[in-house]
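Each remark here refers to the structure printed beneath this line.
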Amino acid sequence: MRLSQFPLSTTKETPADAQVISHQLMLRAGYIRQLGSGLYTWLPIGLRTLTRIAAIVREEMNRAGALELLMPSVQPAELWQESGRWEQMGAEMLRFKDRHQNDFCLGPTHEEVICYHFRQDFRSYRQLPVNFYQIQTKFRDERRPRFGVMRSREFLMKDAYSFHMTAEDLHREYLNMREAYVRIFTRLGAEFRPVKADSGNIGGALSEEFHILAGSGEDLLAVAQGGTYAANVEAAETRPSGTPRAAATKSVEKVATPGQKTCEQVSKFMNVPLTGKVKLLVVKGADGGLVGIALRGDHQLNEIKAAKHPKVASPLTMAAPEDVLKVFGCEVGYLGPVNCPIPVVADYAAAEVADFVCGANENDHHLSGVNWGRDCAEPETADLRMIAEGDPSPDGVGTIKFYRGIEGGHIFQLGTKYTKAMNVSVLDAEGKAVTPEMGCYGIGVTRLVAAVIEQNHDANGIIWPDAIAPFRVIICPIGSDKSAAVKDAAETLYKDLLAAGIDVALDDRGNRPGSMFADAELIGIPHRIVIGDKGLANAQFEYKQRRAEKAEMIAATSAAVLERLSA
RNA sequence: CGGGGUGUAGCUCAGCUUGGUAGAGCGCUUGCUUCGGGAGCAAGAGGUCGCAGGUUCGAAUCCUGUCACCCCGACCA
């Protein structure tokens, strides 16, 4: 591509709205332009990279045996009413009516549509298993779009849906997809990590997320050092320590703690470590009443785990302060399990503390020297807290460290949740109707562009891995309007590289060297060839890898350049 | 949805407190010079001051409403 015919809208100044580096660089390098909140246009250079990533995804999905199709982004409400999600989905699903006043939505996902098509055309076990995928625009009306294309409302997603006669076959395909994802993320040149995940509203059993590791990531990951365990903190389980609780050594004392409401305040005020404090959170119960959740002072509630507890209402709802006052007769800052008027479920760690400090269920007072089983009932225990850095890995191998990640892909074993709801069935070998097992596998294609940039940039701009660069190499001729030798050398090299099938850009805009180099670095071209009279005098081109500290001189031949590119 | 902020030239922003007819830098156009790290000089083009009402002789500036965008939080297949 000749840059004289390929507009680059690069800017020196960083747009004010961009917070994260990938968003800033994508705007500065002219990859995207914002149209509205969470809506972005991909300019030609940005689209080249987006298309390359999509191509890698497509290749690996095909290699893994999945079949590409394309479903509409506009979907009729009937299908969503059938699965029950028309009511379940919140405002993130954009709904509207057509001219006949029929309800539609912009598809946030395609489980309903694929089930609809599958049940039309698939009647026999002989036709299974199948795995369909598409690369299609999705729309989710996020409450707060942010970070450019990292969390936008409209985005490009690869979504795949597989159907199976048995759970075992679903598991086989799940592992097949997992391998395909590992290949895809490896080819992107990204440092990534598959982690155990919560399957969220989509439901289903087994689920893993593929995260691109980056400090700006929105997700927190618990990764075992010295082990293999890795999970999204939302999904990371915690276990009882295995060592029995220490024996009680103190007796209960009531202590005046005026105005000391938080664990930190009480801990400081009474000079006890946070780990010696037990806090009681009050949430709505599954039976409509209230339930107390006991956590160690230094631990945080994991709302997803708590919501899954049979005694707790889902979704998790904290009790209103008025209701707490009514039931306990005190403010939320002074709650504890002693003489507690509601059922209590304790996190494993909280149940292991002896001689602890807790609220006295009386304003401005706490109790010290409290022990489970003696001063209050031995509680029901469960895994309710967020895993913490330094915790032992749940699988017993290694110690947990936190990383931040950007969710680039997610694979699920859905089971029969959607096939059942959508009345999908096929006949097995005995002629009996069977509800197929279903898996779904997503990759956020647009998000990956930003995620890879988060990992690959420097002060001058983006640094693309070869596989997804908009151009692999850029030729910068210096003074080509004055020097016929430079111009000829650049043209010859350009044509030779094109002939060799290399994605090459020739900067024939006649700009000064400084601005050529700045553009080439900002847009992230991985290889640069500079051609000038000085070098040509010695029959040399200058070659610089984007990531390299220094440029080097190579022979002024197309063959020498091709050799560098294949190295 | 709660809290906060911002809308002025293509971009980044000043001007608003204290009302008086629109500014800077970058970018763009033309000319000359320059040409290995975002050039210099000169001359230019370019704005319904988000929108709608109101106050006033007069509103970018004050008041009311509204829309959009951004940030923090909540939420998130």
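Only this structure's heavy atoms are used, side chains among them; waters, hydrogens and symmetry mates stay out. In what follows, every chain begins at residue 1, and chains take the letters A, B, ... in the order their sequences are listed. Bear in mind the structure is a predicted one, so any value in this text is a computation, not a measurement.
In this structure, Phe147(A) atom CZ and rC70(B) atom C1' are separated by 12 Å, rounded to whole Å. In this structure, CD of Glu234(A) is placed 9 Å from C1' of rC76(B), rounded to the nearest angstrom. Distance CZ (Arg509(A)) to P (rA39(B)): 12 Å, rounded to an integer number of Å. Between the NZ atom of Lys487(A) and the P atom of rC35(B) there is a distance of 20 Å, rounded to whole Å. Rounded to a whole Å, the CG atom of Leu8(A) is 22 Å from the P atom of rG10(B). Nucleotide rC76(B) holds its C1' atom 13 Å from the CE atom of Met157(A), rounded to whole Å. A straight line from CE of Met93(A) to C1' of rC75(B) spans 17 Å, rounded to a whole angstrom. We find that CG of Asp519(A) is positioned 14 Å from C1' of rC26(B), with the value rounded to whole Å.
Remark: the Glu173(A) side chain and the His164(A) side chain contain no N/O donor-acceptor pair separated by less than 3.5 Å. Between the side chains of Asn176(A) and Glu179(A), no donor-acceptor pair of N or O atoms lies under 3.5 Å. No hydrogens or angles considered: nothing links the side chains of Lys279(A) and His299(A) as a donor-acceptor pair under 3.5 Å. For the residue pair Asn460(A)/Arg546(A), the side-chain donor-acceptor check at 3.5 Å is not satisfied. A donor-acceptor contact under 3.5 angstrom links the side chains of Asp159(A) and Gln134(A), judged on distance only.
Distances shorter than 4.0 Å separate none of the side-chain N or O atoms of Arg143(A) from OP1 or OP2 on rC76(B). The side chain of Ser37(A) places an N or O atom within less than 4.0 Å of a non-bridging phosphate oxygen (OP1 or OP2) of rC70(B). Within the structure, every side-chain polar atom (N or O) of Arg144(A) is placed at least 4.0 Å from both OP1 and OP2 of rC75(B).
For Glu13(A) and rG27(B), a side-chain-to-base donor-acceptor distance below 3.5 Å is absent, hydrogens and geometry of angles not being considered. In terms of polar N and O atoms assigned as donor or acceptor, the side chain of Asn511(A) never comes within less than 3.5 Å of the base of rG38(B) in a complementary pairing.
Along RNA chain B, the nucleotide nearest to Asp17(A) and the one nearest to Arg146(A) differ in position, and the one closer to the 5' end is contacted by Asp17(A). Mapping Gln34(A) and Arg528(A) onto RNA chain B via the closest heavy atom, the residue that lands nearer the 5' end is Arg528(A).
The partner of rC13(B), taking Watson-Crick or G-U wobble pairs whose two distances both stay under 3.5 Å, is rG23(B). Checking rU48(B) for Watson-Crick or G-U wobble geometry (two distances, each under 3.5 Å) identifies no partner in any strand.
Rounded to whole Å, the separation between the C1' atoms of rC13(B) and rU6(B) comes to 12 Å.
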